Amino acid sequence: MRQKRSKFRKIFVLFLAVLMTAGSLTACGGQSGWRSREVTVIDDNYRTWYEIFVYSFCDSDGDRVGDLQGVISKLDYIEDLGFNGIWLMPIMPSPSYHKYDVKDYREIEPEYGTMADFEELAAECDKRGIKLILDLVLNHTSSEHPWFTEACEYLESLDAGEEPSAEECPYYEYYHFVKGNPGSNTWYQVGSTDYYYEGVFWSGMPDVNFESQALRKEFEDIVDFWLEKGVGGFRLDAVKEFYSGATGKNVEVLTWLNDYVKSVNPDAYMVGEAWDSLGTYAQYYASGIDSFFDFEFAGPTGVVTKTLTFTGESNSAQAYAKALCRVQNAIREYREDAIDAPFFVNHDMARAAGYMQYDERKVKMAAPLNLLMSGSAFVYYGEEIGMTGSGKDENKRAPMYWSSDAQAEGMTQGPLDMEPQENQFPSAEKQRKDKDSIYSFYKDTILLRNQNPEIARGTVARLEEITDQDIAAISKTYDGKTIYLLINLSETEEKQVTMSAQQYGELEIAGYLSVDGGKVTMKNEVVTLPSYSVAVLR
Ligand code: CA
């Protein structure tokens, strides 16, 4: 299915921005020449995505709650960083601040704006070649959703001994209702009746019943509604819980959903959250869904954190390179054109800067370890400036740190139950002006990804003869071309790597990253890599 359309779209605006940046950097020795290379972004589903929690992102109207107009006002910021995809966390009406319990699947949360605002956002994204995907929460609805409230009212209206029927109340079969207390803590009583409903997360999130064909039809209509609004696909929440613990049945639901979405728009992008081990989430690719989040590499105990902060042989550059191949092989076993979805943290995880004890060099180095991976890569808003946030969920969803002035235009208040967050690194406003900031390092990393289509789309192989404790050496092959990535993960030492022309062909440095600003060079066949640097050779 992938690569049907190979429309090449040259981003001249970005290119100009790059030239301007390069111009401003020539004073530091002209080492930034690679940044002025042409950027050619392929319009497919191997993208670089920015995950936005609208509530905490940017406020446009002064009520200090983020909104869709706020997102529109920051599209320049997002585009300038090089992103060409946006995942919006739920934007449909909901009683909770996070909105993962939907009351109405065809409306916009009033705090966030109107349907007209959404249409404007979709059109603005389209203009910029940014694909917009929505968080689709299908495992459960809000207990305030009319389907649920009507079903409960119906059950409460039954006379003693009267059996419920879906013919009288179709919504009765949309959820898991049983008579008699199942005696487990995921079941809740309907009023004072003998009926109970399932809510795996909590009582406010009743689980839906995918056995109901009428419910599936509702979801098909909802998908149609949003695709018509210009949405480019969906992020699917909690797919493991459709039938908790039953991977095969979950794959069946996802197969139905994916087939339906692709029948309407073959280019739509679908990414699922199956929060589990690699061995389990890989199986979900059998559904045909393009991507599943790569939990193997993410979070405080994932491969990236281990590589940068743990010690010992198993957490070496060698282990990192092996893990790249392990994930690729595991997911391709279930689907040949599986698109990995690497990410470092999301809204359910503590911010990554904390994993690194706010060591700026490591916070920077984590960017290429995630963003130079093959697949469709995701960045949670604020990671590009090393934001702070851990502990309760609200803390992980803190206001985007645009400015150190909490009252500045666009700044939000954040979730009401959030504990005060002290950011350790400067605001976006300051970091954008600093070529050595975390922001600039992220921007350079995404630029490398955009300049070299093989980085996102390539099949990875490990160069065993080079890879060791400190150097991860890999090749990426796509569309008949092979490029090489050399990553120096030594915290202190410069390394030299010989890339013989006889073995690898005539290569030159197509671009590089270096956390301390030192130069990566190639002389004869020897590449010199400062501590914590990456070279792309082609
Ligand atoms: Ca607002």
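What you see is a predicted model, and the numbers here were worked out from it, not measured in a lab. One-based numbering, in listed order, for ligands and for the atoms of each.
Note on D290 versus K262: salt bridge recorded, some NZ/NE/NH1/NH2 to OD/OE distance being below 4.0 Å. A salt bridge links R235 to D237: one of the charged nitrogens lies within less than 4.0 Å of a carboxylate oxygen. For the pair D44 and R457, the salt-bridge criterion is met [side-chain N within less than 4.0 Å of a carboxylate O].
Without hydrogens or angle criteria, D135 side chain to M89 main chain gives no donor-acceptor distance under 3.5 Å.
Taking 4.5 Å as the limit, every side-chain heavy atom of S437 sits out of range of all side-chain heavy atoms of P426.
The number of protein N, O or S atoms lying under 3.0 Å from the Ca ion (ligand 1) is 5.
Evaluated for a side chain to side chain contact (heavy atoms under 4.5 Å, CB included) with N370, the options T445, V304, V303, D294 yield exactly one hit, V304.
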